[in-house]
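The structure appears right after this line, and notes come after that.
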Amino acid sequence: MARSPKRKWSMEQDSNDQMMVRREKQERWREQGQAYPNDFRRDALAGDLLARYGDMDGAALEQEPISARLAGRLMSRRVMGKASFADLQDQGGRIQLFLGKDHLGEAAYGLFRELDLGDIIGVEGEIFRTRAGELSLRVTSLRLLSKALRPLPEKWHGLSDPEIRFRQRYVDLIVTEAARRTFRIRAQTVAALRQGLSQRGFFEAETPMMQPIPGGATARPFITHHHALDMTLYLRIAPELYLKRLVVGGFEQVFEINRNFRNEGISTRHNPEFTMLEWYEAYADFHRAMDLTETLIRSAAQAALGTEAITYQGLDIDLGRPFLRLTVEEAVRAHNPELAQADLRDPHCLAEQLARLGVGCHPGWGWGKRLIEIFEKTVEGKLQQPTFITHYPLEVSPLARRNNDDPEVTDRFELMIAGREIANGFSELNDPDDQAARFRAQVAAKEAGDEEAMFFDADYIRALEYGMPPTAGVGMGIDRLVMLLADQASIREVILFPHLRPEQA
RNA sequence: GGGGGUGUAGCUCAGUCGGUAGAGCAGCGGCCUUUUAAGCCGUGGGUCGAGGGUUCGAAUCCCUCCGCUCCCA
């Protein structure tokens, strides 16, 4: 599969006139002594200085000078002969520097004029307010700490090519404030979820990423090989069966936040590796799981955004109001008025409805699978405000507990927000005999050609035979939740290094 | 897999009817001590994604391929 070489990606030969100039400067810098010093120590961050002294007026600052040592990247420059302004960016923000020949001295001012945008520098000086009123640092000494050999993208428009933004995320993070914000939201979301579970007594576990039998979900796995043991291993598609083994073991409230891998297509909503939160709570049912799901999402929004009223792609979504709760059958009937209640369990009526919708109906599908196909086609995308859809058919819920009143459905829910599945949870199936039967049905489906169907996990059955307490569990897609909170349309915007095709053949 | 968009200087983008490549930022050389998309004067920089075709002549028209991107399945 030969690919045409793309000049902007070639690693070794892509030097240009600007890089030549920077390399010459680097060479001169090397000749002057230690070219990559690491003895500069800062004592402040740009954002902290702005927060702390932003309200202090110029006169007060002159009376009681505050000195600071800052380090960061030179992002812009305004040179006016013997005095200049520049912007320094560090992890806490961006602050303006004032560099006057009088304060800096001839030699250091000369060094400043040699600098290039993107260089990493260390500065020392005093806080003051400019004539225009901007809090700035009057620099009294300056050092080059690391030379930028490559020019930065344009200062005003920044980086707009999405391919370069994802491939060279380091450049994107330097120049795109919105990208930095998205990943701050992500970190705060994960931290809030972790804290919310920890403070309720949940135990954080790490279970295998490489599994001999990939379980806990219906998906095609990645396959790998362990050489020393000469055995096939699968990258996990879910941690579920291991976390429930831990519940058997006595960790009655347990959770994990980690990566899952699914060997499926790539789209604006799918990345081959994605982050999942799963938690399990013994002596709870799916109603309790829905309550906790709701609470955790609210606290994540509050932690990351400071509000529960969000806007997603122009749509106002209120996470503060109680989430709606509807059964699958109620939702399907509401959006398919031509179906009567009795039709919902009638495979023939459902097949006719699928045909009307232009969806093919596989002969192996029972009424439950057919009903879910209709749900996904006619309802799912319309559920904009947070809605729990409950009581999924048994056929599509091989790990969920049967409903007491209606053994054809399970005590399961999915949470839909902005037309997308955000979480999936249920009262866990803890009857080992029922679970074994469900696994056998999955194996039959796999043998009939369903690549996504589950394997039979005998050790998991053995674990259940020791007795698992009645338990509720939830899985929450972190990437999709972050997309929602950060108002991003593509999963690539919320994953630091999304999967892309390789740069060169 | 199907359809739409797109690929031109380091970055962001123009490029008319097919006539041999442009701007801003960045760079380089000057001037300039309160600017903030600083300003002014001067100046270098191009495999127009790749390959093929049509043509006297192709960034432009046609074909194939590659990448990115959006929508649909």
Side-chain angles (χ1 to χ4, degrees), chain A residues 1-11 13-25 46 50 58 61-62 74-89 94-106 109 112-119 125 127-139 148-168 171-172 174-177 264-270 313 354 357-360 373 376-377 381 419 488-493 498-505:
Chain A
M1 199 158 61
R3 286 200 177 80
S4 59
K6 209 171 169 184
R7 198 160 42 85
K8 66 178 159 183
W9 296 132
S10 71
M11 293 296 182
Q13 302 102 326
D14 69 347
S15 72
N16 54 55
D17 59 331
Q18 299 198 36
M19 288 185 66
M20 292 304 291
V21 169
R22 287 169 184 245
R23 285 214 171 264
E24 282 163 19
K25 290 175 178 173
L50 295 175
L61 288 167
E62 295 302 327
L74 184 66
M75 294 303 290
S76 70
R77 253 187 343 164
R78 295 169 290 283
V79 178
M80 298 158 300
K82 299 182 183 69
S84 299
F85 289 92
D87 292 316
L88 184 78
Q89 178 172 293
R94 196 185 270 217
I95 193 167
Q96 179 171 264
L97 307 177
F98 175 78
L99 304 102
K101 208 169 186 172
D102 298 344
H103 298 96
L104 252 183
E106 184 99 26
Y109 194 73
F112 168 73
R113 295 201 57 159
E114 288 269 287
L115 293 178
D116 290 297
L117 297 185
D119 286 351
I127 306 292
F128 79 113
R129 203 169 276 286
T130 65
R131 248 173 239 174
E134 181 166 348
L135 197 76
S136 306
L137 187 79
R138 185 187 292 114
V139 176
L149 296 175
R150 293 175 182 268
L152 290 177
E154 206 230 13
K155 64 183 174 187
W156 188 244
H157 299 93
L159 197 52
S160 74
D161 182 339
E163 183 180 359
I164 305 180
R165 290 191 47 234
F166 300 146
R167 242 182 239 291
Q168 297 179 238
V171 181
D172 185 37
I174 292 169
V175 301
T176 314
E177 165 59 24
E264 294 163 353
I266 296 174
S267 76
T268 47
R269 295 198 252 298
H270 299 86
Q313 306 291 292
L354 282 169
L357 295 169
V359 181
E373 290 288 320
E376 288 176 358
K377 182 77 177 176
Q488 292 296 334
S490 169
I491 198 169
R492 292 176 184 208
E493 294 287 352
H499 182 78
L500 300 168
R501 284 187 174 78
E503 282 186 28
Q504 284 176 300

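Order of the sequence lines sets the chain letters (A, B, ...), proteins ahead of strands, with each chain counted from 1.
- Rounded to the nearest Å, the gap between the P atom of B:C13 and that of B:U8 is 10 Å.
- The side chain of A:Lys155 contributes an N or O atom lying less than 4.0 Å from OP1 or OP2 of B:A26.
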Are any protein N/O atoms closer than 3.5 Å to N/O atoms in nucleotides 70-73 of chain B? If there are, list each pair with its distance.
residue	atom	partner	partner atom	Å
B:A73	OP1	A:Lys377	NZ	3.4

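- Within 4.0 Å of A:Leu152, counting heavy atoms only, lies no atom of the nucleic acid at all.
- As rounded to whole Å, 17 Å separates atom C1' of B:A37 from atom CD of A:Glu177.
- A distance of about 12 Å separates the C1' atoms of B:G22 and B:A59, rounded to the whole Å.
- Comparing B:C71 with B:G57, their P atoms are spaced 43 Å from each other, to the whole Å.
- Searching all strands for a Watson-Crick or G-U wobble partner of B:G57 with both distances below 3.5 Å returns nothing.
- Between the CZ atom of A:Arg492 and the CZ atom of A:Arg269 there is a distance of 13.5 Å, given to the nearest 0.5 Å.
- Following rounding to the nearest Å, A:Ile491 (CD1) and B:U69 (P) show an atom-to-atom distance of 14 Å.
- Heavy atoms only, all atoms of each residue included: A:Val139 and A:Leu104 are closest at O-CG, 3.8 Å.
- B:G10 and B:C48 have their P atoms separated by 12 Å, with the value rounded to a whole Å.
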ask   = Which nucleotides of nucleotides 28-36 of chain B have their base under 4.0 Å from a protein heavy atom (B), which only their sugar-phosphate (S), and which neither (-), written as one string 5' to 3'?
value = S---BBBBB
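- When each of A:Gly158 and A:Leu117 is assigned the nucleotide of RNA chain B bearing its nearest heavy atom, the one mapping closer to the 5' terminus is A:Gly158.
- Shown here are the side-chain contact (heavy atoms from CB on, under 4.5 Å) partners of A:His157, two or more places apart in sequence or in another chain: A:Glu154.
- Atom CG of residue A:Asp17 and atom CZ of residue A:Arg22 lie 10.5 Å apart, to the nearest 0.5 angstrom.
- Remark: B:G1 base-pairs with B:C72. Criterion, Watson-Crick or G-U wobble with two distances under 3.5 Å.
- Across every strand in view, B:G44 sits unpaired, with no contact that passes the Watson-Crick or G-U test at under 3.5 angstrom.
- Remark: A:Arg78 pairs with A:Asp87 by the salt bridge (Lys or Arg N to Asp or Glu O under 4.0 Å) rule, at least two apart or across chains.
- In this structure, A:Glu163 atom CD and B:C11 atom P are separated by 12 Å, rounded to whole Å.
- Figure legend. B:C25 is base-paired to B:G10; pairs are counted as Watson-Crick or G-U wobble with both atom distances under 3.5 Å.
- B:G45 sits 13 Å from B:A21 when the P atoms are compared, rounded to a whole Å.
- In this entry the distance linking CD1 of A:Ile174 with P of B:G10 reads 18 Å, nearest Å.
- Checking B:G45, B:G24, B:U69 against the side-chain heavy atoms of A:Leu500 singles out B:U69 as nearest.
- Rounding to the nearest 0.5 angstrom, the gap separating the CG atom in A:Leu99 from the CE atom in A:Met80 is 9.5 Å.
- A:Glu62 has its side chain out of reach of A:Arg129: every pair of non-hydrogen atoms, C-beta onward, lies at least 4.5 Å apart.
- Every side-chain contact (heavy atoms from CB on, under 4.5 Å) that A:Val21 has, sequence neighbours left out, goes to A:Lys25.
- For the pair A:Asp161 CG and B:U69 P, the computed distance is 9 Å after rounding to whole Å.
- Taking atom CD1 on A:Ile266 and atom P on B:G67, their separation rounds to 12 Å, with Å as the unit.
- Nucleotides B:U55 and B:U20 place their C1' atoms 14 Å apart, quoted to the nearest Å.
- The partner of B:C65 is B:G49, judged by Watson-Crick or G-U wobble contacts that both fall below 3.5 Å.
- A:Glu114 CD to A:Glu24 CD: the interatomic distance, rounded to the nearest 0.5 Å, is 10.5 Å.
- Using Watson-Crick or G-U wobble geometry with both donor-acceptor distances under 3.5 Å, B:A37 finds no partner in any strand shown.
- Here the C1' atom of nucleotide B:G7 and the CD1 atom of A:Ile164 are 11 Å apart, to the nearest Å.
- Remark: the A:Gln18 side chain and the B:A26 base include a donor-acceptor N/O pair separated by less than 3.5 Å.
- Contacts of A:Ala83 classified as side-chain contact (heavy atoms from CB on, under 4.5 Å), with partners at least two apart in sequence or in another chain: A:Phe98.
- Spacing between B:G3 and B:C17 at atom C1', rounded to whole Å, works out to 30 Å.
- Residue A:Arg138 holds its CZ atom at 10.0 Å from CD1 of A:Ile127, rounded to the nearest 0.5 Å.
- Both A:Ser76 and A:Pro162 sit near RNA chain B, but only A:Ser76 has its closest nucleotide nearer the 5' end.
- Here the P atom of nucleotide B:G45 and the CZ atom of A:Arg22 are 19 Å apart, to the nearest Å.
- Closest to the side chain of A:Phe166, out of B:U12, B:A26, B:U69, is B:U69.
- Between B:U36 and B:A26, the distance separating the two P atoms is 13 Å to the nearest Å.
- Taking all atoms of both residues into account, the shortest heavy-atom contact from A:Tyr109 to A:Ser84 is OH-OG, 2.7 Å.
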